[in-house]
Structure formats: structure tokens, C-alpha cells
Number of protein chains: 2
Amino acid sequence: MAVDREQVLRAAASLLMRKSSATMDEVARAAGISRATLNRQFAGRDALVRALEELGIAECEAAAERAAVDDGPAPDAVRRLVLELEPAAGLLAFLYSENQLFEGEELNEGWARLDARMVALFRRGQEAGEFRIDLSPVWLTEALYGLLVSAAWAICEGRVAPKDFSSNVTELLLGGAVRREK
Amino acid sequence: MAVDREQVLRAAASLLMRKSSATMDEVARAAGISRATLNRQFAGRDALVRALEELGIAECEAAAERAAVDDGPAPDAVRRLVLELEPAAGLLAFLYSENQLFEGEELNEGWARLDARMVALFRRGQEAGEFRIDLSPVWLTEALYGLLVSAAWAICEGRVAPKDFSSNVTELLLGGAVRREK
DNA sequence: ACTCGATGAGACACCACTGTCTCATTTGAG
DNA sequence: CTCAAATGAGACAGTGGTGTCTCATCGAGT
């Protein structure tokens with residue numbers, strides 16, 4: 001009987017990704033519960049969004065863990081990371097558009113941890129001579145987020161095939177659009 | 001005396017990029033006019049957003065025109081395009097997060113025109129052997145938008161230097177992150 | 001069968017934002 | 001200067017979403 005909190009969060013994320021202005025009533029309906037129950041679990045819209053933020057951070061950190069981003073060649077680590085991040089891309093896309101979170105000058109320190117991890121990954125690749133040094137690790141991190149969001153959106157809109165998600169992001173991020181002579 | 005309509009739109013875009021949920025009153029204040037005047041020029045928030053959309057499309061098309069995206073090598077055309085698109089990146093970032101526009105299943109045909117133009121550019125590059133063919137033109141177009149928005153955001157947040165805007169976007173989109181042997 | 005906790009449905013007041021109105025003031029042209 | 005148009009400030013009700021409440025129902029464990 002007890003509502004599965006995480007399942008509610010996933011339904012909310014799935015809906016809010018497509019319609020960020022969805023009503024609490026719509027969210028509840030999408031999760032298959034009543035508005036009353038939704039409010040019992042999350043005290044207000046803010047709390048729901050915060051919970052989604054926490055979930056997003058947790059999923060990203062879990063993905064980074066599974067991908068073992070600190071091991072092996074950096075390009076391979078990026079490939080593994082994107083692969084593991086794919087299931088969280090939709091949630092990430094929602095949080096990305098929710099700039100309200102960062103408006104309150106009080107951004108969750110989880111993002112800082114994640115950013116630091118990503119930046120370290122790209123910096124490691126640069127120091128190993130695998131990544132070019134004229135693109136800052138910070139920008140590469142931002143670009144990774146941007147590409148993940150773009151890919152999630154494009155798939156959601158049906159513009160690109162879901163199966164191409166990770167290869168699209170990885171190949172563009174690492175190799176770029178220009179044809180390379182081997 | 002007559003309020004400069006375009007100036008109002010720019011102020012609105014500048015504010016809404018940072019706070020997409022800004023009140024009409026906040027928008028008016030940011031534009032240096034009263035709410036009454038704002039409502040006299042744009043009949044409601046929808047009209048304002050639509051006007052911003054039109055402005056964004058017009059700026060992108062003007063940029064594509066100035067960049068002469070159909071002339072010369074495709075990679076150079078992309079470089080010129082990004083360069084010309086830089087002033088519109090902020091507005092683009094706002095519109096990008098305003099998925100409401102596309103929610104109403106009635107997307108402005110201007111976007112379709114722009115998309116077609118971008119897709120044609122990337123396809124041209126592929127057919128000339130300049131771009132790799134394992135990344136679809138549609139995805140490259142989406143990625144270009146995503147990188148533009150990411151760069152605009154990163155600069156707005158102070159994470160990357162404004163002067164690196166075009167090189168960051170262009171170099172990553174065309175060359176990727178991996179170091180290349182010349 | 002009983003009971004207790006959780007849920008759904010609905011009602012309710014509250015609040016912020018919106019759109020519109022009025023009126024005094026300002027601006028610019030003739 | 002004079003006047004008409006535009007603007008700013010404020011008031012006003014309407015609206016949609018929110019948070020809270022009550023009450024009936026449901027379901028699982030005893």
C-alpha cells in the first residue's frame with residue numbers, strides 16, 4: 001500500500017521533463033496517486049523538486065562510480081560514464097532547465113562534488129596527453145552536460161533514435177564532427 | 001517617448017534567461033518601464049514570449065545570412081555561423097528552456113526553416129567528405145544548439161570566459177576533446 | 001470479523017500573478 | 001505655449017495553483 005517514493009519521483013521526472021510547468025495535480029496523476037498523497041510525501045512543489053535534485057545527483061554519482069571514472073584512459077572513462085549516465089539523462093534534462101534551483105544562490109553541494117569529479121576526469125585526460133589543452137576542463141564538463149541534455153531532448157522529441165544516445169554524445173564530445181584521417 | 005520595442009525584448013530576454021519564471025512586473029522593471037506599458041505593448045505573457053521567439057528566429061536567420069552558411073567549406077561555415085550566433089545565444093538559451101512553446105504542438109515554422117538550414121549545412125559537409133558520416137546531420141544540429149546554450153549558461157554563471165565563447169563551441173563541435181596528431 | 005493506517009476524492013481558503021482600468025504626470029510635436 | 005499621445009503609479013477583480021482539511025473507502029495484518 002505504501003507508495004513507492006522513488007517510483008513517484010521517476011514518474012514526476014518523466015512528466016516534468018516534457019512539461020516543466022506541470023501542475024501538482026498532473027504530477028500526481030502521472031504517478032498514479034492522488035494530489036493529497038503526493039502532498040503527504042512531498043511538502044509542496046519545492047520539496048518535490050529538491051527531492052528530484054537529490055535523486056539526480058545520486059544517480060549521477062552512482063553512474064560515475066559504476067563507470068570507474070578514475071581508472072584507465074580518460075577517453076574510455078568518458079565512454080563508460082556516458083553509457084552509465086544514459087538512464088539519468090531525462091532527469092538531468094529537467095534539472096538543467098530548472099535554473100530556479102541555482103537562482104536561489106544556494107546550490108546543492110552535490111553538484112559541486114559532481115562537477116569536481118568531471119573536471120578532474122578531463123584534467124587527468126589532458127595531463128596524460130589524451131585530451132587537447134585548449135579547451136578547459138570546466139568547459140568540457142559543461143559541454144558534457146549540454147550534450148547529454150540535448151540528446152535526451154532530441155530523443156524525447158523523436159528526432160534521433162534512442163539507441164544512438166551514448167554514441168552520439170560520446171563521439172561528438174571526444175571526436176567532434178570533422179572527419180579524421182586515421 | 002515611444003518605448004523601443006526591441007530594447008524591451010532584449011531586457012526581457014536578458015532577465016528571463018536567468019530567471020525564466022520572472023514576473024511581468026520584474027520584466028517591466030528590468031526593461032525600465034511600468035507594467036502598464038509592458039502590457040500595452042505585449043498583450044499578456046504569451047504574447048511576450050511569442051515575440052521573443054520571433055526575435056530569436058529572426059536573429060538566428062540573420063546570423064545564418066551573415067555567415068553565408070551555404071558558401072565555402074562547411075567547417076568554415078560553421079565557424080562563421082557560431083561567431084554570428086554569439087549575440088543571440090542568451091536569447092536562444094531562454095527559448096531552449098521554454099519547452100512550453102513546443103508543448104502546444106504548434107511550433108513556429110521559423111524553427112523548422114532554421115533546422116532545415118542547419119541540417120543542410122551539416123549534410124553538405126558530409127557529402128564533401130569534411131564531416132564524419134556516423135553522426136546524423138539532425139544530431140549535429142541539436143548538438144550545436146545544445147553547445148550554444150551550454151556556453152551561454154556557463155558564461156552567464158561565470159564559469160568560463162566570455163571571450164572563449166565561439167572557440168569553445170566551434171572547437172568542441174568540430175574537433176572534439178581528443179587531442180589530434182597533425 | 002476487526003482494527004488501524006494509508007489512500008482518494010472533494011471542499012475550502014489563501015496567495016501570487018495577471019489583465020484591465022483610472023487618473024495624474026510627462027513628453028514631444030506643432 | 002498648447003495640446004494630444006504616451007507613460008507611470010496604483011487600484012481592482014478574476015484566475016489558477018497551492019496547501020490543508022475532512023470524510024469515506026480500502027487493504028493488510030491480527
Side-chain angles (χ1 to χ4, degrees), chain A residues 1-56 91 93-95 97-106 108, chain B residues 1-55 91 94-95 97-106 108:
Chain A
M1 182 190 275
V3 165
D4 184 346
R5 179 184 164 100
E6 183 153 330
Q7 181 180 346
V8 172
L9 281 176
R10 301 214 172 272
S14 170
L15 173 62
L16 289 171
M17 176 187 67
R18 298 190 302 271
K19 185 180 180 182
S20 59
S21 66
T23 300
M24 289 295 275
D25 198 89
E26 295 177 282
V27 172
R29 238 180 278 271
I33 62 177
S34 72
R35 194 162 66 93
T37 302
L38 180 60
N39 254 341
R40 283 185 190 107
Q41 295 238 343
F42 304 98
R45 190 191 191 79
D46 286 351
L48 175 63
V49 175
R50 297 293 167 163
L52 284 170
E53 189 181 20
E54 294 292 343
L55 177 62
L91 179 52
F94 162 67
L95 295 173
S97 74
E98 199 78 354
N99 35 20
Q100 304 255 25
L101 295 176
F102 317 102
E103 185 72 22
E105 86 268 343
E106 184 199 343
N108 194 311
Chain B
M1 183 190 276
V3 164
D4 186 345
R5 180 185 162 98
E6 183 153 329
Q7 181 181 345
V8 172
L9 282 177
R10 301 215 172 271
S14 170
L15 172 62
L16 289 171
M17 178 187 66
R18 298 189 302 270
K19 185 179 179 183
S20 60
S21 66
T23 301
M24 290 294 276
D25 197 86
E26 295 176 284
V27 173
R29 237 177 276 273
I33 61 177
S34 71
R35 195 162 66 94
T37 302
L38 180 59
N39 254 339
R40 284 183 190 108
Q41 295 236 343
F42 304 98
R45 188 190 192 78
D46 286 351
L48 174 63
V49 175
R50 296 294 167 161
L52 284 171
E53 188 182 20
E54 294 292 344
L55 177 63
L91 179 52
F94 163 67
L95 295 172
S97 74
E98 199 77 354
N99 36 18
Q100 304 253 25
L101 295 175
F102 317 102
E103 185 72 20
E105 85 270 343
E106 183 199 342
N108 194 311

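Bear in mind that the values here come from a model prediction, so they are computed numbers and not experimental data. Within every chain, numbering begins at 1; the chains are lettered A, B, ... in the order of the sequence lines, protein sequences first and strands thereafter.
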**Asked** Looking only at atom types and distance, does a side-chain atom of B:Glu26 sit under 3.5 Å from a main-chain N or O of B:Thr23, one as donor and one as acceptor?
**Response** yes
**Request:** Just report the end-to-end axis angle for the helix from C:dA1-D:dT30 to C:dG30-D:dC1, five pairs per end, to 10 degrees.
**Result:**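 So the angle between the two local helix axes works out to 30°.
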**Request:** Between B:Asn39 and A:Ala36, just flag the one whose closest nucleotide in DNA chain C comes earlier from the 5' side.
**Result:** A:Ala36
**pair A:Phe42-A:Met24: side-chain heavy atoms closer than 4.5 Å** = no
**Asked** Are B:Val8 and B:Val27 close enough that some pair of their side-chain heavy atoms sits under 4.5 Å apart?
**Response** no
**Fill in**
When rounded to whole Å, the CD to P distance for the pair B:Gln41 and C:dG19 reads 15 Å
**Prompt:** Within this structure, what is the CD-to-P distance between A:Glu26 and D:dG16, rounded to whole angstrom?
**Reply:**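 It is 13 Å, rounded to the nearest whole Å.
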**Prompt:** Does A:Ser34 make a side-chain N or O approach to OP1 or OP2 of C:dG8 shorter than 4.0 Å?
**Reply:** yes
**Request:** Answer yes or no: does a side-chain N or O of A:Arg45 lie under 4.0 Å from OP1 or OP2 of D:dT18?
**Result:**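 Answer yes for this pair, as a side-chain N or O of A:Arg45 is under 4.0 Å from OP1 or OP2.
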**Item:** D:dG8 base / B:Arg35 side chain donor-acceptor hit below 3.5 Å
**Value:**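 For B:Arg35, whose side chain was compared with the base of D:dG8, there is no donor-acceptor pair (under 3.5 Å).
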**Request:** Using a heavy-atom cut-off of under 4.0 Å over every strand shown, decide if A:Arg40 touches base, sugar-phosphate, or nothing.
**Result:** base
**Prompt:** Under 3.5 Å, is there a donor-acceptor pair between the B:Arg10 and B:Ser14 side chains?
**Reply:**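 Checked: B:Arg10/B:Ser14 side chains show no N/O donor-acceptor pair below 3.5 Å.
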**Fill in**
By nearest-nucleotide position on DNA chain D, the 5'-leaning member of A:Phe42 and B:Leu38 is B:Leu38
**Message:** Pair A:Leu48, A:Leu9 - check side-chain contact (heavy atoms from CB on, under 4.5 Å), show working.
**Reply:** CA-CA 8 Å; A:Leu48 175 63; A:Leu9 281 176; 3.9 Å; yes
**Request:** Dump the intermediate steps for salt bridge (charged side-chain N to carboxylate O under 4.0 Å, His left out) on A:Arg50 and A:Asp46, then the final yes or no.
**Result:** CA-CA 6 Å; A:Arg50 297 293 167 163; A:Asp46 286 351; over 6 Å; no
